[in-house]
Every structure is written in structure tokens, then in C-alpha cells.
Amino acid sequence: MTENSNGGNSESGKKLNFIHVQIEEDLKSGKNNGRVHTRFPPEPNGYLHIGHAKSICLNFGIAEKFGGKCNLRFDDTNPSKEETEYVESIMEDVRWLGFDWEDRLYYASDYFGKLHDFAIQLIKKDLAYVDDQNAETISSQKGTPTRPGIESPHRNRSIEENLELFQRMTEGEFDEGDKVLRAKIDMASPNMHMRDPIIYRIIKAHHHRTGDKWCVYPMYDFAHGQSDFWEGITHSICTLEFEVHRPLYNWFVDHLQETDYRPRQIEFARLNLTYTVMSKRKLLELVKDNHVNGWDDPRMPTISGLRRRGYTPESIRNFSDRIGVTKVDGVIDVSLLEYSVREHLNKTAQRVMGVLNPLKVVITNYPENQSEELDAINNPEDESMGVRKVPFSRELYIERDDFMENPPRKFFRLSPGTEVRLRYAYFVTCNEVVKDENGEVVELHCTYDPASKGGNSPDGRKVKSTLHWVSAPHAIKSEVRLYDRLFNDESPDGHKDVDFKEFMNPDSLKVLTECYVEPFVKDSRPLDHFQFERLGYFNLDFDSTSEKPVFNRTVPLRDSWAKEMNK
RNA sequence: UGACCUGUGGUGUAAUUGGCAACACGUCUGACUCUGGAUCAGAAGAGUCCAAGUUCGAGCCUUGGCAGGUCAACCA
């Protein structure tokens, strides 16, 4: 009823964040001739994670909202960390999330030539110099945030000498670390980034695109603003830690570009999630040290991991909208992410009956070698998804937890002498419990009431509970992987620098091999999301090499239901 | 003891030109039995970091504090 309770009043009806407000102001004041152009600029040094999804949704979302454009740009200025595999996975993930950069795919490496020319311009303006000192020395001369730095002895080299040295750097005459090009700004600036920052360094590594053409590479601060400028970016959105870089970003653009147009850097808070490690460095470590089975392991917070876990693009985009955009560095509870999947999957997922921990049930008054097909609803929230046939026969499997020989007071499911409903099928009553020599229950003998076909008895009698089940001879045996959070409840949030591996949850992956699902599943390969009724949300994992279906459970169990049963 | 940024229920986000702080998640309670971890109904929970000031009236304005974050990579 009150659908516009968000206070926003944009055309799309979605919530306005502070960046939207800023853009509206820019638009009103006639900046950039009414253009809005953003970019998503990942470094291809790892797979994208849920934090990047926030940035993707923000940047592409702004373009959509204001009728502008959003570029995809790979910020590949450091060849020692970057790989083509990452480029490809990033493109796949952005597309999967539902965004399109059309023909606007760029690489910072496309600008290496222009950037190099700009470096020379800077030297010619006496705003850059070659420093021969090593990293340590340069670092020690930087001073501290509270104490000014001191100038390099090479700071006042002649323009000619700088030009020559930079040329020789470019030609590969020096080794890595021997020389760098620095901007000549202010060694006493209160902003550390303005104390003669390095703009070019020697790296003798193979670049994933330019190969061995270059051995000097521009630094982020030097390259980023210029790239934005050349692409006509109006709003360059980045995370909070770049706030102190902004003066430098502006300094480079101001000293190198001549028109009035200026891209504008705006910072927002990166996403932190509880129980979730999101630093690329740490995720890389998990992959490299085989703590997980690759970047797309369903326990990973990567977009590819979430995809295999069964998350939908819609659910991630909804999550993104829900968390908003601010400059407050906070921590979001993962339950909000999980809520977002459940919300979407509940509307769209195919319902299927399945048994994870089987207990055999024999319907003693049902004829042998007979079977029949019963109608089951595919999605109670969406009639258009129709119905399917579920085979029923004399031998069934039910969930082991659905039977108790000596039930406590509030246990209404199957126990000796009680009658329950098998969903979509019949009322059954348990008459006999078969045990093995260890006293373990191995089989139940039940009788069914043929008059209760479909799930209701003509005499109007009620049963207290409904079970789901599969027909033993028809069921497909499958493997089910139950994924839980990779990190346990004590794990620190966000990017805090601690030994995060101490907090890994040893039970984060359980593989169950004796599971049975309706045969329906076999014929519905294209439908990869299922809700196993009562058991949670699953998806078929196509990654499996085996012939049998393998399911990943998407949303971890919460214990409220179990708690209820233990009362 | 520098510069920049940020402070609204447990969490996240709102609050038109200053007008009794709203929404979502989470939590708790109840209902519903063709299974819910679903759905529905309800409840608790902040007086907006603090202090002064301006004002009939301040989360929004002013001043001063306090707290937290970021910055000293030849990473991005």
C-alpha cells in the first residue's frame, strides 16, 4: 500500500542515495551538458566478489537511472598481478548480474602510450623528475603524517636530464627499483599523497595485453583520472579509502588536461558483511592454499561462488538496493543477503520433494508391482508454473527425522500407531517398526487409506502432520552438498587484519550421498533452482562430472525449527 | 600530535525549504497444519555521539568537544 515509503522521489521510484542527489545537482547546474557517464574499473587480479557487485549495481544503476552510460574498464597498470583468466571471469560476472557495457570495453593499458606522453609533458613542465633512490630511502624521506618529508637530492635535476633518464628507463636500460619517475608537488604537504608521489615505475613482467612492449608502468593515481577524462566519465565513483587521493587525482587532471570538463571523483563505503572475508588478497590465499575448491567454490563470497550456490542475479541486485549507499563504513548482516535470495527463490523456485536421510517405508496394503501418478503443485505462489506428476508405489522413502519411535509431546509426525498425510498422496498409518540386530530402525510398515487419495479423507478426519516422500523404485539417487558459511560465528568482520583462517568452519561443507529426489528432476535440467520442501533451497550444480544430479543447498539452515522440535 | 572523512534502534538505510524520527533485516509473541526456514498478525527496541547556542520548534543551522575510519605500497 505504502510503496513509496522510502522518501525518495526519483522517476524510477527507487531510493535516492547521496550520489544520486549529487548528480541531480550537477544536472541542474548544467554540468557536463547534462551527460552522466560512469565506469566500473576492476583490476583483473582476482575474481569479483559481492562487494564488487555493490559497485557494479551502483555504477550501472546510475547510468540506467539517469539515461547515461557506464563503461567497463580494466585497471591493468600492474602486470605482475594481472591475468587474462580474471578478465574473462569479470566480464562473465558483470553480464550475469544483468549489466551491459555495450561497446564500451576499455583497458587502462589502452592508454599506456598517451600516459607515457603525459609523463613527458609533466617533465617538460618541470613537474616531474627521475629519482635514483631505492624504495626504502624514498619512503623514509616521505616523513610521517605529522612530520613533513624531505626533498630528494634528485629533485632538481634539469628537465633535459630527466627527459633522458626517463627515456632510458623506458628503453629498459635499468633494473626494477633502480629508478622511478615522481611528480614534483610538495614534500611538506599535510596530505601524504601529495609528497612527490611516484607516477611511473620499472616492472619487467609480461603484461596480459601489451606483452613485453613496456617495462615502465604508470601508477594508479596517475592513470586513473586521465583514463576517466579520456572516456568522458562524469562521475568517477570509488571507495572511501581513495578520499585522500582525490586532491592528487585533481592535480594530475588539472596539470594535464586543458578543457573545462572535469571528471569528478565521489567516494562511498565499501561493503562489509558479517562472517565474510572480502579482501581479494585473502580470497586468493584460500584458493591458492586449497582451503576451497577454486574461486567459484560455493562457500566463497565471489559472484561465481554465489552463482553456484544458487543465488540469482535478481537477488543480488535487490540486496544491493536494500543496503543503500553512504559514506559510513559499516557492517551488513549476511542474513540480509540470505533474506534476499529466499525472497526471490521463494517466488520462482520449482518445488520438489526430496529425502536427504532416507528411511524406507513399505505400504503393506498397496499392491506389489503397481504404481500411479499423482498431481503435485510446482509453485504454490505461482500457478502458472503448473503441476507435475509424482509416482507413488508400495515402497517409499521418508526423511528419517520424520519418524520417532517414542515421540515427545509435541511431535506430530510419524510414530507407531499414528496417521499422517503423505503430501499429494494418501493418509498412512504406521503399524510396524522393523529393526536390525543393533536395534536401529531400518524400515517401517504402514497401511494407506485408498479413500484419501490426493490428501483428504472423504469422512473429514484430520491428520496432524504432512510428510514428503519419494517412491523408492522411481527416485533418483543423488548427491547433495550442504554448504554452510566458510567462517564461524566468532569470525571478525570486514577487512580487519587478523589470521582469518583460525575462524574457518570445518563443517562448512557436508556431502550426503544417500539422497533421493523425485524423478521429475531428471527432465528439468534447465530449471536449476529448486526448493526441496521443508529442506531449503537447492540448485543443480552443473559443474559435476558425474551422471547423477548433484545439488547445492543455497541457504544455510537456521536452528529455529530444530529448537521448536526439542521443546 | 597532521590532513581528509564519518557519527540516527542490534544491523543497514530514511526523514520535503528546521515541524512530535520512518522503512527493511534481525529478535520475540501469536495464528495458520497439504510439512515452512513460507505466509499472516502483533510486540519490544533509538529520541538521532556529547555540550552549549540560534529558534515557538533542530537529526537537519552555528560553535566547541568526543569517538571511529582512512592516509606514511615502486598495489589498486
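In what follows, chains are A, B, ... by sequence order, proteins preceding strands, each numbered from 1. Keep in mind the model is a prediction, meaning the values are calculated, not measured.
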Query - Sugar-phosphate only, base, or nothing, as touched by A:Ser80 at under 4.0 Å among non-hydrogen atoms - result: nothing
Query raised in the report: What residues form a salt bridge (charged side-chain N to carboxylate O under 4.0 Å, His left out) with A:Glu176, not counting sequence neighbours?
Result: none
Requested in this report: Return the set of residues passing side chain to side chain contact (heavy atoms under 4.5 Å, CB included) with A:Ser29 (not counting sequence neighbours), or none when no residue passes.
Outcome: A:Lys31
Requested in this report: Using a heavy-atom cut-off of under 4.0 Å over every strand shown, decide if A:Ser465 touches base, sugar-phosphate, or nothing.
Outcome: nothing
Query raised in the report: Taking atom C1' in both B:rG47 and B:rA14, what distance in whole Å separates the two?
Result: 16 Å
Report summary line: Looking only at B:rA24, B:rA38, B:rC74, the nucleotide nearest the A:Ala135 side chain is B:rC74
Query raised in the report: How far does the C1' atom of B:rA76 sit from the matching atom of B:rU39, given to the nearest Å?
Result: 46 Å
Requested in this report: Take atom C1' in B:rG9 and the same atom in B:rC28, then report the distance between them in whole Å.
Outcome: 15 Å
Requested in this report: Whole angstrom is fine here: how far is it from CD in A:Gln265 over to C1' in B:rA76?
Outcome: 12 Å
Requested in this report: With the side chain of A:Arg423 defined as its heavy atoms from C-beta on, choose the nearest nucleotide among B:rC34, B:rA24, B:rA72.
Outcome: B:rC34
Requested in this report: Output yes when at least one side-chain N/O atom of A:Arg421 is less than 4.0 Å from OP1 or OP2 of B:rC34, else no.
Outcome: yes
Requested in this report: To the nearest Å, give me how far apart CD1 (A:Ile198) and C1' (B:rC71) are.
Outcome: 16 Å
Query - Shortest side-chain distance from A:Tyr424, nucleotide among B:rG12, B:rU13, B:rC34 - result: B:rC34
Requested in this report: Scan A:Thr326 against the nucleic acid and name what it touches under 4.0 Å (heavy atoms): base, sugar-phosphate only, or nothing.
Outcome: sugar-phosphate
Query raised in the report: How do A:Asn78 and A:Asn17 order along RNA chain B: which one's closest nucleotide is nearer the 5' end?
Result: A:Asn17
Requested in this report: With heavy atoms under 4.0 Å as the rule, sort A:Phe242 into base, sugar-phosphate or nothing.
Outcome: base
Requested in this report: Could you check if a side-chain atom of A:Thr418 sits within less than 4.5 angstrom of a side-chain atom of A:Thr429, using non-hydrogen atoms only?
Outcome: no
Query - Sequence-distant partners of A:Cys57, side chain to side chain contact (heavy atoms under 4.5 Å, CB included), two or more places apart - result: A:Phe99, A:Arg317, A:Ser320
**Report entry** Under 4.0 angstrom between A:Arg281 side-chain N/O and B:rA76 OP1 or OP2
**Finding:** no
Report task. Step by step, work out the side-chain hydrogen bond (donor to acceptor under 3.5 Å, both in side chains) result for A:Glu419 and A:Tyr448. Result -> CA-CA 9 Å; A:Glu419 183 174 48; A:Tyr448 84 118; over 6 Å; no
Query raised in the report: Just checking A:Gln141: base, sugar-phosphate only, or nothing, at a heavy-atom cut-off of under 4.0 Å?
Result: nothing
Report task. Report yes if a side-chain nitrogen or oxygen of A:Tyr339 is closer than 4.0 Å to either non-bridging phosphate oxygen (OP1 or OP2) of B:rC25; otherwise report no. Result -> yes
Query raised in the report: Just how far, in rounded Å, is C1' of B:rC34 from CG of A:Asp402?
Result: 14 Å
Report task. Considering only atom P, compute the distance from B:rA44 to B:rG12 and round it to an integer number of Å. Result -> 23 Å
Query raised in the report: If we take the C1' atom in both B:rC4 and B:rA72, what is their distance in whole Å?
Result: 15 Å
Query raised in the report: What interatomic distance, in whole Å, is found between P of B:rG69 and the corresponding atom of B:rA24?
Result: 32 Å
Report task. Kindly write out the residues that satisfy ring-ring contact (aromatic ring centres under 6.0 Å, His included) with A:Phe392, not counting sequence neighbours, or none if the list is empty. Result -> A:Tyr366, A:Tyr426, A:Trp469
**Report entry** Integer-rounded Å distance: B:rG12 C1' and A:Asp333 CG
**Finding:** 9 Å
**Report entry** Residue list, ring-ring contact (aromatic ring centres under 6.0 Å, His included) with A:His344, at least two apart or on another chain
**Finding:** none
Query raised in the report: What residues form a side chain to side chain contact (heavy atoms under 4.5 Å, CB included) with A:Thr144, not counting sequence neighbours?
Result: A:Thr146, A:Arg147
**Report entry** Short side-chain N/O contact from A:Arg73 to OP1 or OP2 of B:rA76, under 4.0 Å
**Finding:** no
Report task. Represent RNA chain B in dot-bracket notation, 5' to 3'. Only Watson-Crick or G-U wobble pairs with both distances under 3.5 Å count; pseudoknot-style crossings use [ ] and interstrand partners use |. Result -> .((((((..((((.....[..)))).(((((.......))))).....(((((..]....))))))))))).....
Query raised in the report: Is the closest basic N to carboxylate O distance between A:Asp132 and A:Arg157 below 4.0 Å?
Result: yes
Report task. Give the nucleotide from the list B:rC75, B:rC34, B:rG12 with an atom nearest to the side chain of A:Glu43. Result -> B:rC75
Report summary line: When rounded to whole Å, the CZ to P distance for the pair A:Phe166 and B:rC74 reads 16 Å
**Report entry** Distance, rounded to the nearest Å, where A:Lys81 contributes NZ and B:rC74 contributes C1'
**Finding:** 12 Å
Requested in this report: Taking atom P in both B:rC5 and B:rC61, compute the distance separating them and give it to the nearest angstrom.
Outcome: 15 Å
**Report entry** Any residue meeting ring-ring contact (aromatic ring centres under 6.0 Å, His included) with A:Phe174, in chain and number order, not counting sequence neighbours
**Finding:** none
Query raised in the report: Going by number, which of residues 171-187 of chain A have a non-hydrogen atom under 4.0 Å from RNA chain B?
Result: A:Gly177, A:Val180
Query raised in the report: Between A:Ser335 and B:rC25, is there a side-chain N or O to OP1/OP2 distance below 4.0 Å?
Result: no
Query raised in the report: Among pairs that include at least one residue of residues 194-203 of chain A, which meet salt bridge (charged side-chain N to carboxylate O under 4.0 Å, His left out), considering only residues two or more places apart or in two chains?
Result: A:Arg155-A:Asp196
Query raised in the report: Roughly, in whole Å, what's the span from CZ in A:Phe18 to P in B:rA14?
Result: 9 Å
**Report entry** Nearest-nucleotide comparison on RNA chain B, the residue closer to the 5′ end among A:Pro218 and A:Lys464
**Finding:** A:Lys464
Query - Which nucleotide in B:rC34, B:rA76, B:rA14 has an atom nearest any side-chain atom of A:Asn456 - result: B:rC34
Query raised in the report: Between the side chains of A:Glu136 and A:Asn134, does any donor sit under 3.5 Å from an acceptor?
Result: no
Report task. Measure up the A:His116 and A:Trp214 rings against each other and bin them: parallel (under 30°), tilted (30 to 60°), perpendicular (over 60°). Result -> tilted
Query raised in the report: If you measure from the C1' atom in B:rC20 to the same atom in B:rG53, how many Å do you get, rounded?
Result: 22 Å
Report task. Select base, sugar-phosphate, or nothing to describe what A:Asn134 touches, counting heavy atoms under 4.0 Å on all strands. Result -> base
Report task. To the nearest Å, give me how far apart CD1 (A:Ile90) and P (B:rA76) are. Result -> 15 Å
**Report entry** Per-nucleotide protein contact string for nucleotides 1-6 of chain B, where B marks a base within reach and S marks sugar-phosphate only (heavy atoms under 4.0 Å, - for neither)
**Finding:** SBS-SS
Query raised in the report: Just checking A:His224: base, sugar-phosphate only, or nothing, at a heavy-atom cut-off of under 4.0 Å?
Result: nothing
Query raised in the report: Regarding A:Gln265 and A:Glu243, is there a side-chain donor-to-acceptor distance under 3.5 Å anywhere?
Result: no
Requested in this report: Could you check if the base of B:rG7 is syn or anti? Syn means the glycosidic torsion is within 90 degrees of 0.
Outcome: anti
Requested in this report: Name the nucleic acid region contacted by A:Gly454, choosing base, sugar-phosphate or nothing; use a 4.0 angstrom heavy-atom cut-off, strictly under.
Outcome: base
Query raised in the report: Under the salt bridge (charged side-chain N to carboxylate O under 4.0 Å, His left out) test, which residues partner A:Lys81, sequence neighbours left out?
Result: none
